[in-house]
Structure formats: C-alpha cells, structure tokens
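What follows is one structure encoded as structure tokens, with my remarks underneath.
Here is how names work: the chains are called A, B, and so on, in the same order as the sequence lines, proteins then strands, and each is numbered from 1. Note that the structure is a prediction, hence the values are computed from the model and not measured.
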Protein chains: 2
Amino acid sequence: MARPVEFVYEDVLTNAMEQFWREGFEASSVQKLLDVTGINRGTLYNSFGDKDTFFKSCLEHYNKLVDKELSATLNNEELAPWAAIEKYFDVTVMATTNKRRSMGCLLVNSFCESINYNKDIQKLVKAYYSNIRKALLKRLKDAEKAGELNKSVNAELATDVLMNALSGLRVHSREGKPAKQLGEIIQFTISSLR
Amino acid sequence: MARPVEFVYEDVLTNAMEQFWREGFEASSVQKLLDVTGINRGTLYNSFGDKDTFFKSCLEHYNKLVDKELSATLNNEELAPWAAIEKYFDVTVMATTNKRRSMGCLLVNSFCESINYNKDIQKLVKAYYSNIRKALLKRLKDAEKAGELNKSVNAELATDVLMNALSGLRVHSREGKPAKQLGEIIQFTISSLR
DNA sequence: GGCATTTTGTATCAATAGATGTAAAAAGAA
DNA sequence: TTCTTTTTACATCTATTGATACAAAATGCC
C-alpha cells in the first residue's frame, strides 16, 4: 500500500478557510496558505488542486459551519418561528465576540472582493448565502400564517429586511463594532417586524 | 517653463477609483491602473506616488463624491430631518441602477477586503464612512427633539439601525439585487423609526 | 527483503508584482 | 538658438506570484 497521508484534511480546510476569511482571496497567496496549513506545495496541489479549487473547497467548508448554525436555530423545527429567528441572530451576534471576531462573513467578504469577476465562484457564494435566506423565508412564512407578522409587511419583504440587516451586521462586525450595539440593532429590527 | 501635463488629474483619479471600486485593492495591479487611466508608469509614480498612496487619493476622491451627495441631502438644512434622510437613501438606491451598479460602495468593499491589515488605510476608510454616520446622527437628533422619532428608540440607536441598513444595501447592490427591492427595504426601515 | 504506490519535500519554472532609473520629448525663458 | 525644467516613455530591477516536475520517503503486499 501507499504512504499514508500525514495532514488532517479538516484542519487544513479550517486553517485555509480562516486565512481567506481574514485577508480575502487575492491577498491570500499560496505561500500564506502553506504557512497557515503547515502542508507543502506538493501536497496542496496534489490534494486540493489549484488556488481557485482550494478556495471553493474552503467556501464549501464554511457553508457546512453555516449549515450547522442553521440546523440549531432557523431550521430547528422544535423552535417557534420567532424564537428560531431570534436564536439565529443571537448566535450570529455572539459569534462576533470570539476569536473570529472582526472577520465578518466569508460570503459577504467575497461579494465585496474582486472574486466577483470569477462567475464560477460568484455563483457558489450566492448559492451558499441564499441558503440562509431560504431558511429565514420559511420561518417568516410560518409566522405570517400564524398571524405573527407585522401586517404592514409580507414574508418576502420581511426576509429582505432581515437579510439586509444581517449583511450590515457582518460588515460592521468586521469594522469592529461591539456586539452589544450589533445586538440592539438586530433586536430593534426584529421587533419592528412582529 | 517646463513641459505641460498631458493627463487630466480628475479623470485619472476617477478612472483609478472605479478600478479599485470594481475589483478591490489587491486585484487592481499597477498595470491595470495604467490601462484604465491611460497614463504610464513614470507619470503614475511621479504624480501619484506608490500604490498605497494612490489608493488613498482615490479614497479621498470617493469621499468627495459622498460629500456632494450629503450636501444635497442629509446636510441640506433646507430639508426637514426626515425629508433629508429619505432623500439621501433615495439617491443611494437610485445610484445602484446606473453604470456603477453592482459595484457597491468603495468604503464598504474596503472594509471587507484585506486592506484591513493596513492600519493606515483602515483608519482612513473608517473616518470617511463615519462622515455619513455623523450627518445621519445630526438629523436624527433633530427629529428626536422635534418628537418625530419613534419613542422606542433614541437617536443613537436609530442611526445605528440606518447605518446597518445602508451597509447591507451596499453589499446587496453589489450582489445584484434590484433597486426596487432595495428601496422597499429602506422604506420599511425608515418607517419603523418614525 | 524487494516491489508498487502514494505522499512528501524541494527545486524550479515562466509570468507578473511593485518599483526605480534614465533618456527623450515638450514647452517657455534668456 | 540654447538652456532649464518637468513630463513622458521605455528599459529594467528584484521579489513574489501561481504552478509543475521529480526525487526521496513511507507504507503494505508479495
């Protein structure tokens, strides 16, 4: 049999993802990726392909993290619509205080970076981000049916408002705004919708 | 006397600014900047300094555009507080439909890019962005004094909510969301505050 | 132990990055 | 015309970019 793999696949993806997350695609040279992952060039190109492909894998890895959060909150059917929504935003706001604070959101960052000229990656980023929107929309439609939505909006508009606030939140967390203020912004936005 | 300058200073700044705006700092190589401005290397380094310095000049140029918009809207004392605020967001939403559509905001894009590791530029971006916040806060304090602000918020929180919505707007305009939907998001957000 | 297979480590590639130096060009002044 | 000054144009520098090739190393199978 062949020589066994020495690196831990998950760890490499996590470290590379954080590098792209922190500094963006363009500023993350292959050398930096080698430094933060600890693997060497041969291993990277053999096991993860070129930089574009590697970035896509990191996006996928990031999406898994998002999916976990969604499963515990928005997609958790044990929670009532608004409870689920509030929990999702609580988690998101709280996340800005840990070590990944001030890094914002890899997907939002990618929207704003030049990555947009790569149609391939752009589509991927949009698709991943739309997962959050879908989960949110579902719950807001539930709330609407239950008469728990502010009569002046429909579920679609309410979703847009919350997604817009979410994107703003991600930008401002990267800008360094304290979680307390971010929380108050979201709290008000939510209260205006119910 | 010396040889006269051939390039138009304003035009060079405008074209370079749009390049940075579209593709970000890292992806905008000096060669690309030469291509879009039409000047050559010597001229660029002689008249605009290195890439960092050039970028700062472009940020300043961008800020002038922002200032013009602010003067006509938020800082226009002839308009009542909420009229000024509504006009500012109208202009901002409408701007997403012209040729600069889908480019978002240079300042927000810069927050999200790796530029953040350059403390110097980061401070500049923050300072320019805070100009908008200051103008907004002033008007919301006026509205608060006049009893035209929703009692459940103070001027500070209202400003945060609107700035958050603004940042979200910029992200989503870059993502390609239609102006109509962006307008409805803002319209609801404003109405929730008055 | 020798063989096949895969990973790892390193050397190296051409292309491009940002940046600088210098000579030619263009104007008015003397 | 000649001189001075500044811009412009081009050549060139070193470092780094993403990417590839290939030998050394490490395993299980025979």
Q.
Walk along nucleotides 9-22 of chain C from 5' to 3' and tag each nucleotide B, S or - by protein heavy-atom contact under 4.0 Å, base first, then sugar-phosphate.
A. BBB-----SBBB--

Q. Would Tyr9(A) and Ser47(A) count as a side-chain hydrogen bond (donor to acceptor under 3.5 Å, both in side chains) if you check the C-alpha gap in whole Å, the side-chain angles of each, and the deciding distance to 0.1 Å?
A. CA-CA 9 Å; Tyr9(A) 190 80; Ser47(A) 308; over 6 Å; no

Side-chain donor/acceptor pairs under 3.5 Å, residues 62-75 of chain B, sequence neighbours excluded:
unit_1, atom_1, unit_2, atom_2, d
Tyr62(B), OH, Leu106(B), N, 3.4
Ser71(B), OG, Asp67(B), O, 2.9
Thr73(B), OG1, Glu69(B), O, 2.7

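For residues 82-98 of chain B, every residue pair satisfying the salt bridge (charged side-chain N to carboxylate O under 4.0 Å, His left out) rule, not counting sequence neighbours, is listed here: Glu86(B)-Arg194(B).
For Phe7(A) and dA26(D), the CZ to P distance is 17 Å, given to the nearest whole Å. Atom pair Phe48(A):CZ and dT20(D):C1' shows a separation of 18 Å (rounding to whole Å applied).
At least one side-chain heavy atom of Phe48(A) sits under 4.5 Å from a side-chain heavy atom of Ile39(A).
Under the 30°/60° scheme for interplanar angles, the aromatic rings of Tyr129(A) and Phe111(A) are found to stand perpendicular.
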